[in-house]
There are 2 protein chains.
Amino acid sequence: MGQSDTKEKILDTAEKLFAKKGFHSTSLRLITKEAGVNLAAVNYHFGSKESLLEAVFERRLNPLNSIRRKRLKEIRDNAGKTGTLPSVEDVLRAVIEPTLKFKASGKGAENFIALVGRSMVEPNETVLRIFQNRIRPLFLLCFEILCEALPNMPKETIFLKTHFSVGAMSHIMCERGKMEVLPDGINPVQDMDNVIDLLVRFVTAGMESK
Amino acid sequence: MGQSDTKEKILDTAEKLFAKKGFHSTSLRLITKEAGVNLAAVNYHFGSKESLLEAVFERRLNPLNSIRRKRLKEIRDNAGKTGTLPSVEDVLRAVIEPTLKFKASGKGAENFIALVGRSMVEPNETVLRIFQNRIRPLFLLCFEILCEALPNMPKETIFLKTHFSVGAMSHIMCERGKMEVLPDGINPVQDMDNVIDLLVRFVTAGMESK
DNA sequence: CAATAATTCAAACGTATGTTTTAATCATAC
DNA sequence: GTATGATTAAAACATACGTTTGAATTATTG
C-alpha cells in the first residue's frame with residue numbers, strides 16, 4: 001500500500017452506501033464499519049461527511065465528464081467543419097452512452113452511476129449543490145448544441161425536453177425501474193447496449209417531436 | 001372546528017416539508033413547530049412518523065389514483081367496444097394530465113405532486129415501500145394497456161419505455177428541472193397546459209419510436 | 001537507532017432525533 | 001354541574017448522529 005488504502009476503502013464503501021440508501025440515511029458509523037476502518041478515519045482523511053461526498057463525486061465524475069464533454073465538442077466541431085447541423089441523436093448519444101457504459105468500466109462504477117442518478121433528484125440541499133456544480137456546465141453545453149441541432153424549435157421547448165430526457169436517463173440510472181415483480185414472465189434483464197439504444201431512440205424521438 | 005384541525009395542520013405541513021426536504025431530513029420537531037402544534041401530537045394522532053407519511057399519501061393519492069384508473073379503463077373499454085387499438089397518446093395522457101393538473105386543484109396539492117415525484121426515486125426503503133404499494137397497480141394497468149396499444153412491440157421494450165416515461169414525468173414533478181439559472185434570457189416559466197402537451201407528445205413519440 | 005511525522009484507535013462530546021410519559025386542559029354527555 | 005373521555009402540553013427518555021480528543025501505534029526520515 002503506497003500511502004494507505006484507508007481512503008480508497010472509505011470512498012468505495014461510501015459510494016456504495018450513498019447510492020443505496022441516500023446521503024442523509026447513511027451514517028459514518030455504517031460506512032466505517034463496513035469498510036473495516038475506524039470511525040474517526042473519515043474526519044481525519046476527508047474533514048467531514050460532506051467533504052467525503054464531494055470526494056466521491058470528484059473521483060469518478062471528473063473522468064466521466066471529460067469523456068462526455070469531448071464527445072459533445074467533437075459533434076459541434078464536426079458540424080461546424082462540414083457546415084451541417086448536429087444530429088439530435090448524436091448529441092443525446094454522446095451523453096447517454098458514456099454514462100451508461102461507465103457502469104461496466106470497473107468495480108464500484110455501477111454504484112456510482114446509481115448515485116448520480118439519485119443525486120439528480122436529491123432533496124437534500126447539500127447534495128444538490130455539490131452535485132449540480134459539477135454537472136451544470138455539461139448540461140448547458142448539451143442544451144446549447146441541441147439548440148443548434150434544432151434551430152426552428154423554441155429554446156424554452158428544447159429546455160423542457162432536455163429535462164424530460166434527463167429524467168428518463170436518471171430514472172434508469174438509479175435502477176429504480178424495477179418496481180420489483182413483473183407479470184406474465186416479463187424478463188426485465190436486458191443487456192446494457194440494448195438499453196442504451198432504446199433510451200437514445202426514445203429521447204431522440206421525443207426531442208424531435210412536434 | 002368539527003373535531004380538531006390539528007391533524008389537517010400536521011398533514012399540510014408534513015406534505016410541504018417532506019416534498020421540500022425529503023422524509024429523513026424532515027424532523028417531527030420542525031413539522032410541529034411550523035404547524036403550530038405540540039410535538040407529541042404527531043404520535044398521538046398518527047402513531048409514528050412513518051404512519052404520518054402513509055397518511056399524507058393516503059389523503060391525496062386515493063382520489064388521484066381513482067381519476068387516473070378511471071381514465072385508463074375508459075380507454076381500454078372504448079377500444080374494446082369499437083374493436084380498435086387504444087391510442088398510445090391517449091394512454092399516456094390519461095396518466096400525465098390528471099397528475100400535473102392536480103397541482104392546480106387546491107392548496108398544498110402542488111407540494112404533494114413534488115413529493116410524489118421525489119418518492120419515485122427515493123432511496124429510503126420505508127418511503128419506497130409505502131409509495132410503491134400505492135402506485136404499482138396503476139403502473140401495471142398502464143403498462144398492460146400500452147401492450148395492447150402496441151401489439152407488435154416486445155413487452156420488455158414497452159416495459160423499459162414505460163420507465164423512461166415515468167422518469168421524464170417524475171423529474172418534472174419534482175421541479176428539479178430548474179438547474180437554477182438559464183443563459184441568454186430563456187424563460188423557463190411555462191403554463192402547465194403547455195408542459196403537459198409537450199410531455200405527452202414527448203413520451204408518445206418515444207414510446208412509438210422504432 | 002532515535003526522532004519525527006502520519007495514521008489508527010477507543011472513548012467521549014454535544015446535539016438532534018423519534019417516542020413515551022404524566023399531568024393539565026378542553027369538550028361532551030348525563 | 002359534574003363526571004368522563006379526548007386532546008394538548010411540557011418534560012424526559014433512549015438512541016443515534018457527526019465530530020473531537022488524546023493516547024497508542026505505525027511509518028518515515030535523518
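So you know, we letter chains A, B, ... as the sequences are listed, proteins then strands, and number each from 1. Both backbone and side-chain heavy atoms feed into the values below; hydrogens, waters and symmetry mates do not.
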### Message
I'd like to check the salt bridge (Lys or Arg N to Asp or Glu O under 4.0 Å) partners of K49(A); sequence neighbours left out, ordered by chain and number.
### Response
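K49(A): no salt bridge (Lys or Arg N to Asp or Glu O under 4.0 Å) contacts found.
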
### Message
Tell me every residue that passes salt bridge (Lys or Arg N to Asp or Glu O under 4.0 Å) with E97(B), counting only those two or more places apart in sequence or in another chain.
### Response
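Testing E97(B) for salt bridge (Lys or Arg N to Asp or Glu O under 4.0 Å), a comparison that skips the adjacent residues, returns R71(B), R93(B).
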
Kindly write out the residues that satisfy side chain to side chain donor-acceptor pair (under 3.5 Å) with [X], not counting sequence neighbours, or none if the list is empty.
{"X": "S105(A)", "value": "none"}
{"X": "R134(A)", "value": "E58(A)"}
{"X": "R201(A)", "value": "none"}

### Message
Please enumerate all residues that pass side-chain contact (heavy atoms from CB on, under 4.5 Å) together with A114(B), with sequence neighbours excluded.
### Response
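A19(B).
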
### Task
Just jot down the ring-ring contact (aromatic ring centres under 6.0 Å, His included) partners of F112(A), sequence neighbours excluded, or say none.
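ring-ring contact (aromatic ring centres under 6.0 Å, His included) check on F112(A) returns nothing, list empty.
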
### Query
Within the structure, does a side-chain N or O atom of S27(A) lie under 4.0 Å from either OP1 or OP2 of dA16(D)?
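No, no such contact exists.
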
### Query
Does T6(B) make a side-chain N or O approach to OP1 or OP2 of dT8(D) shorter than 4.0 Å?
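Yes, within the criterion.
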
### Task
Take nucleotides 9-14 of chain D nucleotide by nucleotide from the 5' end and write B, S or -, depending on whether a protein heavy atom sits under 4.0 Å from the base, only from the sugar-phosphate, or from neither.
BB-B--

### Closest approach of A41(A) to T6(A) (non-hydrogen atoms, all atoms of both residues)
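Minimum heavy-atom contact is CB-CG2, 4.1 Å.
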
### Query
How is S51(A) classified with respect to the nucleic acid when contacts are heavy atoms under 4.0 Å: base, sugar-phosphate, or nothing?
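Nothing: the residue S51(A), judged by heavy atoms under 4.0 Å, touches no strand.
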
### Task
Indicate, with a heavy-atom threshold strictly under 4.0 Å, whether S25(A) touches base, sugar-phosphate, or nothing.
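If one applies the 4.0 Å heavy-atom cut-off, S25(A) turns out to touch nothing in the nucleic acid.
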
### Message
How bent is the helix from dC1(C)-dG30(D) to dC30(C)-dG1(D), measuring the angle between the end axes built from five pairs each, rounded to 10°?
### Response
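About 0°, once rounded to a multiple of 10°.
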
### Query
So which nucleotide from dG18(D), dT7(C), dT19(C) ends up closest to the side chain of Y44(A)?
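Closest nucleotide among those given: dT7(C).
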
### Task
Please determine, for the side chain of H45(A), which listed nucleotide (dT8(D), dT7(C), dG18(D)) has the closest atom?
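Selected nucleotide (nearest to the side chain): dT7(C).
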
### Task
In whole angstrom, give the distance that lies between atom NZ of K49(B) and atom C1' of dT15(D).
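From K49(B) NZ to dT15(D) C1': 15 Å.
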
